[in-house]
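Take a look at the structure below.
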Amino acid sequence: MTLTLLEAALLLFVVGCAVGTALLEDTLAAVMAFAAYSLGVSVLWLVLQAPDVGLTEAAVGAGIMTILFLLALSNTVTPDADRILEPVRWRTVALVGGFVLLIGVTVPALPAVSDPTAPVASGEVTTYYLENAYEQTDVRNAVTAVLAAYRGFDTLGEAVVVYAAGIVALSVLRREVFA
Amino acid sequence: MVEFETALLAVAAAFVLFATVALYRVYAGPTTHDRVIAVNVAGTNTVIAIALVAAAFGQSVFLDVALVYALLNFLLSIAFSKFNVERGNVL
């Protein structure tokens with residue numbers, strides 16, 4: 001009960017920060033609201049018993065992202081904001097609200113956490129992976145086998161995204177190597 | 001014992017609510033200094049909330065996260081302040 005109270009307070013904080021990030025006219029203030037948002041999200045990860053994800057979210061989301069935003073901002077000229085909040089674009093609000101509604105309708109249809117009858121645990125694809133992964137890929141870990149062999153193209157796409165992010169970070173930092 | 005943990009979680013929720021109240025200053029400003037201090041206050045509140053959650057769950061690993069947070073919070077304030085004064089040179 002009190003855990004739900006804590007989660008509700010955290011969600012209120014996170015949503016408040018997110019709305020601030022979207023609406024604040026002053027770019028520096030929006031970056032600050034985004035840093036606070038990352039802090040709130042990582043407490044949420046802790047409450048969900050995932051301290052490693054929370055640690056990563058705090059270090060990357062609040063730390064590195066904020067520094068990168070500030071570096072990008074320092075290469076621009078920001079005019080003084082003459083009002084606190086930007087005017088709201090109602091078409092965007094309708095689009096985002098519709099998307100949130102769609103997800104909100106979908107989430108209760110998901111199977112409960114650690115439900116043994118969930119379709120993922122007993123599905124045809126999972127059984128195939130578990131039965132054939134060792135012979136077909138010669139990888140000793142089933143998760144690694146799925147990521148590196150069966151979904152190799154997917155993982156390659158993720159690697160391309162990380163590579164592009166690294167190049168963008170270098171160009172913002174105006175350096176040629178990471179060291 | 002259960003009541004004690006419940007009390008810890010309730011206090012953590014209260015601290016997160018305080019952080020939410022501090023968000024008003026992030027919105028209203030009016031100067032960047034107000035916003036820096038408001039984000040710092042919100043961050044400090046979340047550090048306390050994490051420590052309380054760690055005590056309630058009996059997980060000392062969470063305290064490491066609280067430490068990282070406290071350091072990051074301080075660094076962020078310095079970065080924002082430096083940016084505000086010098087327009088750049090944050091590293």
Side-chain angles (χ1 to χ4, degrees), chain A residues 1-17 19-21 23-26 28-40 42-47 49 51-52 54-55 57-59 61-63 66-71 73-78 81 84-85 173, chain B residues 5-24 26-30 32 34-36 38-40 42-43 45-47 49-50 52-54 56-57 59 61-66 68-69 71-73 75-77 79-80 82-84 86-91:
Chain A
M1 174 59 204
T2 32
L3 196 61
T4 344
L5 198 70
L6 177 63
E7 280 167 357
L10 276 171
L11 284 175
L12 188 71
F13 178 72
V14 165
V15 170
C17 290
V19 171
T21 311
L23 288 186
L24 280 170
E25 174 86 15
D26 185 19
L28 186 56
V31 172
M32 279 184 222
F34 187 68
Y37 166 86
S38 288
L39 290 177
S42 39
V43 183
L44 213 51
W45 287 125
L46 280 188
V47 172
Q49 305 278 346
D52 44 347
L55 209 56
E57 173 71 38
T66 312
I67 301 291
L68 271 179
F69 278 140
L70 287 181
L71 281 172
L73 270 188
S74 66
N75 290 331
T76 63
V77 179
T78 331
I84 292 177
L85 296 180
L173 293 169
Chain B
E5 284 154 14
T6 315
L8 284 177
L9 284 177
V11 175
F15 270 107
V16 175
L17 277 182
F18 294 155
T20 315
V21 174
L23 273 188
Y24 168 74
V26 179
Y27 273 83
T32 308
D34 298 305
R35 295 197 168 112
V36 169
V39 169
N40 201 345
N45 276 331
T46 45
V47 169
I50 294 171
L52 288 168
V53 168
F57 289 165
Q59 296 245 22
V61 189
F62 287 12
L63 288 176
D64 299 343
V65 185
V68 171
Y69 254 62
L71 288 172
L72 260 182
N73 199 17
L75 279 180
L76 278 183
S77 298
F80 282 130
K82 269 191 92 172
F83 179 84
N84 194 33
E86 301 173 15
R87 289 306 287 185
N89 229 344
V90 258
L91 283 183

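A quick note: this is a predicted structure, and the numbers were derived from the prediction, not measured. Naming: A, B, ... by sequence-line order, numbering from 1 per chain.
The contact between V68(B) and chain A is made entirely by side chain atoms (from C-beta outward), counting heavy-atom distances below 4.5 Å. Proximity to chain A is limited to the side chain of F57(B), based on heavy atoms less than 4.5 angstrom apart. Residue V36(B) touches chain A through both its backbone and its side chain, counting heavy-atom pairs closer than 4.5 Å. Neither the backbone nor the side chain of L75(B) comes within less than 4.5 Å of any heavy atom of chain A. Proximity to chain A (any heavy atom under 4.5 Å) is shown, for Y27(B), by both the backbone and the side chain. Looking at L39(A), the atoms closer than 4.5 Å to chain B (heavy atoms on both sides) sit in the backbone and in the side chain alike. Proximity to chain B (any heavy atom under 4.5 Å) is shown, for V19(A), by both the backbone and the side chain.
Considering only heavy atoms from C-beta on, R35(B) comes within 4.5 Å of D26(A) through its side chain. The shortest distance between side-chain heavy atoms of N73(B) and N40(B) falls below 4.5 Å. Put simply, the side chain of K82(B) does not reach to within 4.5 Å of the side chain of L70(A), judged on heavy atoms. Within the 4.5 Å cutoff, side-chain heavy atoms of L44(A) are placed close to those of L11(A). Under the 4.5 Å side-chain criterion, counting only non-hydrogen atoms from C-beta, L55(A) is not in contact with L46(A). Looking at D52(A) and V61(B), their side chains never come closer than 4.5 Å, going by heavy atoms from C-beta outward.
Put simply, of A30(A), S42(A), A35(A), the one with the most heavy-atom pairs under 4.5 Å next to chain B is S42(A). If you tally non-hydrogen atom pairs under 4.5 Å between each of A29(A), A36(A), A8(A) and chain B, the highest count goes to A29(A). Put simply, of A19(B), A42(B), A14(B), the one with the most heavy-atom pairs under 4.5 Å next to chain A is A19(B). The candidate from T46(B), V39(B), L23(B) with the greatest count of non-hydrogen atom pairs under 4.5 Å with chain A is L23(B). Put simply, of G20(A), G40(A), A59(A), A33(A), the one with the most heavy-atom pairs under 4.5 Å next to chain B is G20(A).
For F83(B) and F80(B), the ring centers sit 6.0 Å or farther from each other.
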(request) Apply ring pair (Phe, Tyr, Trp, His ring centres under 6.0 Å) to F34(A) and Y37(A), showing your working. (result) CA-CA 5 Å; F34(A) 187 68; Y37(A) 166 86; 5.8 Å; yes
